[in-house]
Engineer: 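Below is a structure I'd like to ask you about.
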Amino acid sequence: MIPVEDKLTVCPCCGSDACYERHFKDDVSELKTWLCMTCGFTTNTQMIEGSDLVQLNEQNTAELIKDLKQVHEGLAWFPTVVNVPEMGMVFPEGKSTDEWHWKVVKAIPVAEEEKEKFPIPGTEGQYYKFKMDMKNPLVFDKNNFMDAAEAVGMFEA
């Protein structure tokens, strides 16, 4: 699919005008995606509430993410999880839908003497080169996704 249009729109989850909409199209199908840079919620035109895809997504995700789900115009919106193995992760963390925030953990190199603690599943003798620094997390307000994403290097070229 080829991107045919990018624009900012109003996010139905938080009301911000910093929701990035991207439209893809080819000869057979089209897809729209949304990612709000304020609240960090995302969806696409295939995330129809009650669909097999949404049910599969909910089976394979954390309880807080499922609890935070919002439905707008028939589409399920979930908080984004960003995992860039050599840079870090951004994910929602908290006690409830009222008390949560964005957590950022940076990737740090795995020391040579530690590498055997980090095997790559399904490969023999291969190890991850980076691990997540869970001891030094950064925390961002739930409506400050853009700064959280920037802290992990999501916008670096």
Side-chain angles (χ1 to χ4, degrees), residues 1-3 6 8 11-14 16 18-22 24 31-49 51-72 75-157:
M1 292 184 118
I2 300 169
D6 292 347
L8 290 176
C11 175
C13 298
C14 71
S16 162
C19 189
Y20 182 66
E21 179 181 307
R22 193 156 209 207
F24 299 87
L31 175 74
K32 283 187 181 180
T33 64
W34 294 268
L35 172 59
C36 180
M37 292 306 195
T38 300
C39 68
F41 278 69
T42 187
T43 194
N44 65 60
T45 49
Q46 295 179 343
M47 294 296 286
I48 299 165
E49 176 60 9
S51 69
D52 290 345
L53 182 59
V54 170
Q55 290 176 16
L56 180 63
N57 186 59
E58 290 178 339
Q59 287 174 5
N60 296 311
T61 196
E63 290 300 316
L64 179 62
I65 292 173
K66 290 188 269 190
D67 292 344
L68 289 170
K69 175 180 81 171
Q70 296 185 27
V71 179
H72 299 279
L75 296 178
W77 290 72
F78 292 93
T80 303
V81 174
V82 177
N83 184 357
V84 184
E86 295 183 4
M87 298 177 93
M89 292 178 62
V90 178
F91 54 93
E93 180 186 73
K95 297 177 182 177
S96 70
T97 58
D98 293 325
E99 292 183 47
W100 70 277
H101 54 263
W102 292 106
K103 189 169 195 175
V104 173
V105 292
K106 298 217 177 173
I108 56 176
V110 173
E112 183 65 28
E113 60 273 9
E114 275 191 304
K115 76 177 186 180
E116 292 193 14
K117 294 180 185 175
F118 300 95
I120 298 173
T123 64
E124 191 172 324
Q126 293 187 16
Y127 304 93
Y128 288 107
K129 294 179 181 173
F130 292 89
K131 63 181 180 178
M132 296 302 147
D133 183 6
M134 302 304 282
K135 293 180 182 175
N136 298 297
L138 301 171
V139 174
F140 294 86
D141 181 75
K142 61 185 169 186
N143 283 317
N144 202 0
F145 174 76
M146 182 179 270
D147 286 348
E150 186 173 28
V152 82
M154 190 170 142
F155 306 115
E156 293 178 14

Engineer: Who passes side-chain contact (heavy atoms from CB on, under 4.5 Å) against Ser51, sequence neighbours left out?
Structural biologist: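 side-chain contact (heavy atoms from CB on, under 4.5 Å) check on Ser51 returns Ile48, Leu53, Val54.
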
Engineer: Please evaluate residues Phe41 and His72 with respect to the criterion side-chain contact (heavy atoms from CB on, under 4.5 Å), reporting the C-alpha separation (whole Å), side-chain torsions for both, the decisive distance (0.1 Å), and the verdict.
Structural biologist: CA-CA 12 Å; Phe41 278 69; His72 299 279; over 6 Å; no

Engineer: How close do Ala76 and Glu49 get, counting heavy atoms only, and between which atoms?
Structural biologist: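 Heavy-atom minimum between the residues: CB-OE1, 3.7 Å.
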
Engineer: Roughly how far, to the nearest 0.5 Å, is CD of Gln46 from CG of Asn57?
Structural biologist: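 If we round to the nearest 0.5 Å, Asn57:CG and Gln46:CD are 12.0 Å apart.
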
Engineer: Any donor-acceptor pair under 3.5 Å linking the side chain of Thr33 with the backbone of Asn44?
Structural biologist: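 Side chain of Thr33 to backbone of Asn44, a donor-acceptor pair under 3.5 Å: no, none is there.
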
Engineer: To the nearest 0.5 Å, tell me how far Leu68 CG sits from Thr97 OG1.
Structural biologist: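 Nearest 0.5 Å value for the CG-OG1 distance: 6.5 Å.
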
Engineer: Might you point out which heavy atoms bring Pro92 and Val81 nearest each other, and give the distance in Å?
Structural biologist: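 So the two residues come closest at CD-CG2, 4.1 Å.
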
Engineer: With sequence neighbours left out, what residues match Lys115 under side-chain hydrogen bond (donor to acceptor under 3.5 Å, both in side chains)?
Structural biologist: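 For Lys115, the residues satisfying side-chain hydrogen bond (donor to acceptor under 3.5 Å, both in side chains) (neighbours in sequence not counted) are Glu112.
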
Engineer: Report the residues that fulfil side-chain hydrogen bond (donor to acceptor under 3.5 Å, both in side chains) with Gln126, sequence neighbours left out, ordered by chain and then residue number.
Structural biologist: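 Gln126 satisfies side-chain hydrogen bond (donor to acceptor under 3.5 Å, both in side chains) with no residue once adjacent residues are dropped.
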
Engineer: For residues 90-102, which residue pairs qualify under salt bridge (Lys or Arg N to Asp or Glu O under 4.0 Å), counting only residues two or more places apart or in two chains?
Structural biologist: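 Pairs touching residues 90-102 that pass the test: Glu93-Lys103.
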
Engineer: Keeping the roles fixed (side chain from Ser16, backbone from Cys11), state whether a donor-acceptor pair exists under 3.5 Å.
Structural biologist: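 The answer is no, because no donor-acceptor pair under 3.5 Å joins these two groups.
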
Engineer: Holding to side-chain hydrogen bond (donor to acceptor under 3.5 Å, both in side chains), I want the full list of residues that pass it with Trp34, two or more places apart in sequence or in another chain.
Structural biologist: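 With neighbours one apart ignored, the set is Glu21.
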
Engineer: Applying salt bridge (Lys or Arg N to Asp or Glu O under 4.0 Å), which residue pairs with at least one partner in residues 55-66 are found, sequence neighbours left out?
Structural biologist: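 Qualifying pairs, neighbours excluded: Glu58-Lys69, Glu63-Lys66.
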
Engineer: With sequence neighbours excluded, give me every ring-ring contact (aromatic ring centres under 6.0 Å, His included) pair touching residues 108-137.
Structural biologist: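 Pairs touching residues 108-137 that pass the test: none.
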
Engineer: Only pairs at least two apart or in different chains count here, so list each side chain to side chain donor-acceptor pair (under 3.5 Å) that has a residue in residues 129-139.
Structural biologist: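 As it turns out, the side chain to side chain donor-acceptor pair (under 3.5 Å) pairs with a partner in residues 129-139, which skip direct neighbours, are Glu114-Lys131, Asp133-Asn136.
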
Engineer: Kindly write out the residues that satisfy side-chain contact (heavy atoms from CB on, under 4.5 Å) with Met132, not counting sequence neighbours, or none if the list is empty.
Structural biologist: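 Met132 satisfies side-chain contact (heavy atoms from CB on, under 4.5 Å) with Asn83, Met89, Val105, Ala107, Met134 once adjacent residues are dropped.
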
Engineer: Applying side-chain contact (heavy atoms from CB on, under 4.5 Å), can you list everything that pairs with Thr42, at least two apart in sequence or on another chain?
Structural biologist: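 Thr42 satisfies side-chain contact (heavy atoms from CB on, under 4.5 Å) with Leu35, Thr80 once adjacent residues are dropped.
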
Engineer: With sequence neighbours excluded, what pairs up with Asp52 under the side-chain contact (heavy atoms from CB on, under 4.5 Å) test?
Structural biologist: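 So Asp52 forms a side-chain contact (heavy atoms from CB on, under 4.5 Å) with Gln55.
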
Engineer: To the nearest 0.5 Å, what is the distance between CG (Leu64) and CZ (Phe91)?
Structural biologist: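 Here the interatomic distance stands at 10.5 Å.
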
Engineer: Rounded to the nearest 0.5 Å, how far does NZ of Lys32 lie from CZ of Arg22?
Structural biologist: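 Going from CZ on Arg22 over to NZ on Lys32, the span is 14.0 Å.
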
Engineer: Output side-chain donor-acceptor pairs under 3.5 Å for residues 143-152, partner residues at least two apart or in another chain, one line each.
Structural biologist:
from, atom 1, to, atom 2, distance (Å)
Asn144, ND2, Asp147, OD2, 3.3

Engineer: Which heavy atom of Cys39 sits nearest to which heavy atom of Cys36, and what is that distance?
Structural biologist: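 The answer is N-SG, 3.4 Å.
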
Engineer: Measuring only between side-chain heavy atoms, which start at C-beta, is Thr43 closer than 4.5 Å to Gln70?
Structural biologist: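 No. Closest side-chain heavy atoms not under 4.5 Å.
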
Engineer: Tell me whether Trp102 contacts the main-chain N or O of Lys142 through its side chain, where contact means a donor paired with an acceptor under 3.5 Å.
Structural biologist: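 Checked: pair present.
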
